[in-house]
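In what follows, a structure is listed as structure tokens, so that the remarks can point back to it.
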Amino acid sequence: MDDVKDLIMLGIPWGAVIFASLLIMIDYFVGVVVHAIKKDLTSSKMRDGLLRKLLLFLALIMGVLLKGFFLFADLPHTVTDIFGLGQLMAWFEVDTVNEMPVCLFVCTAVCLMEVFSILENIAQVNNRAAKLLAHFQTKSKE
């Protein structure tokens, strides 16, 4: 039983999961404050924002569950080749599926999205943030 607990505690990057979760919550609250400043806050926008954040939390949970599955599953190489995991293992240069950083990948993607979302929200009410964000965006011709 201690081996299972150690595998879960040490095998899943909990720091990254917590950091991504905090960014999701911060982004939601920044969005609420920005829309309140703009006097554009409605319950439907808040509900839509909560549902979008719920989807991100579900993505994090999926990453944790996949990593947990890979930690406990001792998949033979024939199975990894069938599902295309062999190619992923080669890209990440790992020998077994339990070494694959699937949860870390999901957390990194969520963190990047949330940082840019926070910047986008702040840019709506702050010119300096808008200028910083403009370096990462291209103007579309409408």
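Heads up: numbering here begins at 1 and tracks the sequence.
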What's the shortest heavy-atom distance between [X] and [Y], and which atoms?
X    : Y    : result
L23  : E114 : O-OE1, 3.7 Å
G11  : K67  : O-CE, 3.1 Å
K45  : D40  : NZ-OD2, 2.5 Å
V106 : A59  : CG1-O, 3.4 Å

Would you mind reporting whether [Y] and [X] have side-chain heavy atoms less than 4.5 Å apart?
X    : Y    : result
L51  : L55  : no
M113 : L56  : yes
L66  : C103 : no
L60  : I24  : yes

Item to check | side-chain contact (heavy atoms from CB on, under 4.5 Å) assessment of Y28 paired with R52 | outcome: CA-CA 9 Å; Y28 179 76; R52 290 172 193 226; over 6 Å; no
[X] side, atom [atom1]; [Y] side, atom [atom2] - distance, nearest 0.5 Å:
X    : Y    : atom1 : atom2 : value
Q124 : L119 : CD    : CG    : 11.5 Å
L65  : F69  : CG    : CZ    : 11.0 Å
L104 : I12  : CG    : CD1   : 12.0 Å

Next on the checklist: Tell me if the NZ atom of K38 is crowded by more than 12 foreign heavy atoms within 6.0 Å.
Outcome noted: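 Atom NZ in K38 is packed in, count exceeds 12.
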Checklist entry - Stepwise, does the side-chain contact (heavy atoms from CB on, under 4.5 Å) test hold for C111 with F19? => result CA-CA 8 Å; C111 286; F19 184 69; 3.5 Å; yes
Item to check | CA sep, side-chain torsions, deciding dist, call: M25, F57, side-chain contact (heavy atoms from CB on, under 4.5 Å) | outcome: CA-CA 10 Å; M25 290 184 279; F57 277 119; 4.0 Å; yes
Checklist entry - Quick check: does any side chain N or O of S21 sit under 3.5 Å from a backbone N or O of V17, one acting as donor and the other as acceptor? => result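 The answer is yes, because a donor-acceptor pair under 3.5 Å joins these two groups.
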Item to check | Candidate list V30, N126, I26, test side chain to side chain contact (heavy atoms under 4.5 Å, CB included), partner N121, passing option | outcome: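 Testing N121 for a side chain to side chain contact (heavy atoms under 4.5 Å, CB included) against V30, N126, I26 leaves exactly one candidate, V30.
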